[in-house]
4 protein chains.
Amino acid sequence: MSQATLEHTGKRQILVNAAAEVFARQGFAKTRVSDISQHAGVGKGTVYEYFSSKEELFFAVFEWIKNEIRSRVEAVVNDHTPARDVLTTVFRTTAEIITEHREIFSMNLEFWAASRGSAFEDRFSAGCQSMYHEYRELTAEIVRRGQREGEFRPDLDADRISVVIVSALDGLGVQCWFDETVDAVGAAGAFAEALCGGLCVEER
Amino acid sequence: MSQATLEHTGKRQILVNAAAEVFARQGFAKTRVSDISQHAGVGKGTVYEYFSSKEELFFAVFEWIKNEIRSRVEAVVNDHTPARDVLTTVFRTTAEIITEHREIFSMNLEFWAASRGSAFEDRFSAGCQSMYHEYRELTAEIVRRGQREGEFRPDLDADRISVVIVSALDGLGVQCWFDETVDAVGAAGAFAEALCGGLCVEER
Amino acid sequence: MSQATLEHTGKRQILVNAAAEVFARQGFAKTRVSDISQHAGVGKGTVYEYFSSKEELFFAVFEWIKNEIRSRVEAVVNDHTPARDVLTTVFRTTAEIITEHREIFSMNLEFWAASRGSAFEDRFSAGCQSMYHEYRELTAEIVRRGQREGEFRPDLDADRISVVIVSALDGLGVQCWFDETVDAVGAAGAFAEALCGGLCVEER
Amino acid sequence: MSQATLEHTGKRQILVNAAAEVFARQGFAKTRVSDISQHAGVGKGTVYEYFSSKEELFFAVFEWIKNEIRSRVEAVVNDHTPARDVLTTVFRTTAEIITEHREIFSMNLEFWAASRGSAFEDRFSAGCQSMYHEYRELTAEIVRRGQREGEFRPDLDADRISVVIVSALDGLGVQCWFDETVDAVGAAGAFAEALCGGLCVEER
DNA sequence: TATGAATGAGAATTCATTCAT
DNA sequence: AATGAATGAATTCTCATTCAT
């Protein structure tokens, strides 16, 4: 039983991985279910053993990528380092993901679009909404710690700042998608410096 | 002849407007050409008198919206005001557009997605790329003027900063789309303050 | 009034001519009514002043070409020449028309097809039927005269022979259409000779 | 695997047969793909599993009929019989096919038309061209054998005669299509006799 | 459990025809 | 009489999904 479940889970993940690659390359609309099953080395019908529809598979890819990125970001958050350094690291790490996994990251564009017009628009919407909420919380907490520990100006609104930090990192991915010459890591670094230069008490 | 051309242009624009509304409401995939023609009060075939395909009409909407937004942004750029104020105004104006025209802004999500998998992906890509290039230039010029006039720190890289500013405004729209409670105008204001606090020489 | 009628007739014929050329080049299915109106230098609506439908125009072309060919064939039939020579001339003339007006002649293929599946199939059928009837009559009369005048074997069935003569000339056009290297005039000459002279040695 | 291939081939042939019947009855233009699928007792989509388009299916019908007719004609060609008798048999057999399978023969009219204006015009053209070439060769060989064996006049051009013989049989089908009262078998017999025996009295 | 042949709902698109000017 | 913008009926083809094996 546990063997079977493992197998099942294993094949399910194989399908999610295959789907991620094919969707990333061709986009949701141009991807046929058979493209994915072929890429995964299984029959077309098998996909429907694990997912009830193409959109559900797409949603599974969304959740998987969402988690992959989050765990990578969370890994670099460290409470024992100056808040400024943590923020800078988060910026750089995100920029690195954007640059290294350009194709995968570009799927965001379609996840967003799926929040309108897809049969799963509510689930995609909710997924994005909670994801942004989490990131804002994560960021706000870093900012607040910096303020508590006297690193950052206490008069700034941590929540509002967080909205913009998350925005900036998100938008960076968009620009990089459209223009390969955009230097995400460089821009993220400059952003960290400029923002902290304004945020940090000791530099004044 | 000029009458006819005018008429033609007139009806073309009516169709672009109708399409923008329907696409904004339903998304590209869920919108049938007949939905648009009905909304415009014309027959289905008429759409094809002006646009050779559904995607071409979509692209026309893209260009139209791109121009609408740009002209609105350019209108608030003023060279005789302190750079800091111009930047703040640009932020606020963008945030206002995002908030007031939520539906229209949401089309961005689909324009972006169309850069992957649409038959016109190259045209959408090129359109977005040039748009971002323009906005970065616009922003960088404000920053550079601020540096020349002694308002802003001269050691920061204007081009890199511009990338992030454009990113932040773009990403702001995304978050607002997913979460109506996000206060775009407030966040933009906080961003302006934080960023300028770091940028501005006289505050140090 | 007579002026108007003349005008009307004139423009009608211009349309038939234009249609013949365009249909000959593109075939019925691929030809749009606007292709014809443009070729004739008039507006699309004008075609409908003279013909109630595309198929009716096609039928008019059919009748026109039918008459053109018939009058050319009839012109060479001469009752004061030996039947053998008349037959030979009819063969050669037909072969010449086939060769010189290859494109126009190839429209036969579509007239034939129109006798099945076109809305006018009955009219096309009847038109072809009567045309073949006429040609058979024309040919049979020549053969009969030849028999009366002692030129031809009296024991042969003139009607049956006529069927085949008409067949042969018709089929010649088909082969020439598909293979430009087929020498219609040469084949027609050989046919005349073989038919008149007989193939078999031992029967002489 | 061979089972599957066989199955596949089997259903493909079922579709070709169904298509032949429906096309023969209604003509290409008036036939909807769903008419064929219904006639074959399968779903509309199934047709597209075996043929990429309506025109490709039509072409498959063309090739099938071409082969069917050829094998029937080749079956009656016999090298050990006097050439005259072989020719007579070929004529009669063709006339019989024309008479018995009037509907199927009528497809020729559309195959011909498809050589002008169809998306596959080149393939239809090439198919017809090679078919005529084959038939001319077949006929010419019979004539040449007759000449070698002293049955036929040696001074006639076998190639040219062949063109006309093929023409005559083709044209016979056309006339029979338009006029059921035309006696194809009788005409073919008279043709054989006249051709072999010669029409002209004075040359005997 | 895995498969892929079969299915048919659904949409884009074409173009003959109409009719207001 | 002449026009061509507007129309929508009609049809092909796609592809997600089902289900018998």
Side-chain angles (χ1 to χ4, degrees), chain A residues 4 7-8 11 29-38 40-58 119, chain B residues 3-4 7-8 11-12 15 29-38 40-57 119, chain C residues 4 7-8 11 29-38 40-58 119, chain D residues 3-4 7-8 11-12 15 29-38 40-57 119:
Chain A
E7 280 277 294
H8 197 275
K11 192 160 279 185
K30 267 189 176 169
T31 296
R32 277 165 294 160
V33 172
S34 65
D35 292 338
I36 293 167
S37 70
Q38 268 177 43
V42 300
K44 195 163 25 136
T46 305
V47 172
Y48 288 87
E49 294 288 322
Y50 298 88
F51 304 94
S52 66
S53 71
K54 184 188 173 188
E55 299 215 75
E56 184 148 293
L57 173 53
F58 189 53
Chain B
Q3 178 66 30
E7 282 277 295
H8 200 275
K11 187 154 284 184
R12 201 190 132 95
L15 285 167
K30 268 189 173 168
T31 297
R32 277 166 296 149
V33 172
S34 65
D35 293 337
I36 293 166
S37 71
Q38 269 177 40
V42 300
K44 182 156 48 96
T46 304
V47 172
Y48 288 90
E49 291 285 319
Y50 296 86
F51 303 94
S52 64
S53 70
K54 185 186 170 189
E55 299 215 74
E56 185 143 294
L57 172 53
Chain C
E7 280 275 294
H8 198 274
K11 191 160 279 186
K30 268 189 173 168
T31 296
R32 278 166 294 161
V33 172
S34 65
D35 293 337
I36 293 167
S37 70
Q38 269 176 42
V42 300
K44 193 161 28 132
T46 305
V47 171
Y48 288 87
E49 295 287 323
Y50 297 87
F51 304 94
S52 66
S53 71
K54 186 188 171 187
E55 299 216 75
E56 184 147 293
L57 172 53
F58 189 52
Chain D
Q3 178 66 30
E7 282 276 295
H8 200 274
K11 189 154 281 182
R12 201 189 131 95
L15 285 167
K30 268 188 172 169
T31 297
R32 275 165 299 148
V33 172
S34 66
D35 293 337
I36 293 167
S37 70
Q38 271 177 39
V42 299
K44 180 160 47 101
T46 305
V47 172
Y48 288 90
E49 291 284 318
Y50 296 86
F51 303 94
S52 64
S53 69
K54 184 187 170 188
E55 298 215 75
E56 186 143 294
L57 173 53

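Order of the sequence lines fixes the chain letters, A, B, ..., with proteins taken first and strands second; residue numbering starts at 1 for each chain. Note that the structure is a prediction, hence the values are computed from the model and not measured.
Remark: C/T46 engages C/K11, C/V42, C/Y50 in a side-chain contact (heavy atoms from CB on, under 4.5 Å) (not counting sequence neighbours). Residues forming a side-chain hydrogen bond (donor to acceptor under 3.5 Å, both in side chains) with A/S53 (at least two apart in sequence, or on another chain): none. Qualifying side-chain contact (heavy atoms from CB on, under 4.5 Å) partners for C/S52, counting only residues two or more places apart in sequence or in other chains: C/E56. When the side-chain hydrogen bond (donor to acceptor under 3.5 Å, both in side chains) test is applied to B/T31, the partners found at least two apart in sequence or on another chain are B/Q26.
Across all their heavy atoms, B/S37 and B/G43 have their closest contact at CB-O, 3.5 Å.
Counting to the nearest Å, the P atom of E/dA5 and the CZ atom of D/R12 are 15 Å from each other. Atom-to-atom, NZ of D/K11 to C1' of E/dA5 comes out at 7 Å; the value is rounded to the nearest Å. C/F51 places its CZ atom 12 Å from the P atom of F/dA2, with the value rounded to the nearest Å. Rounded to an integer number of Å, the gap from A/D35 CG to E/dG4 P is 15 Å. When the P atom of E/dT1 is taken as reference, atom OH of A/Y50 falls 7 Å away, rounded to whole Å. The distance between atom CG of D/L15 and atom P of E/dA5, rounded to the nearest whole Å, is 14 Å.
Both C/V42 and B/V42 sit near DNA chain F, but only C/V42 has its closest nucleotide nearer the 5' end.
Atom CG of B/L57 sits about 9.5 Å away from atom NZ of B/K54, to the nearest 0.5 Å. Within the model, atoms CZ of D/R32 and OG of D/S34 stand 4.5 Å from one another, a figure rounded to the nearest 0.5 Å.
Axis angle between the ends of the helix from E/dA2-F/dT21 to E/dT21-F/dA2, five pairs each and rounded to 10 degrees, works out to 10°.
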Please encode protein proximity along nucleotides 13-21 of chain E as a string of B, S and -, counting only heavy-atom distances under 4.0 Å. BBSSBB---
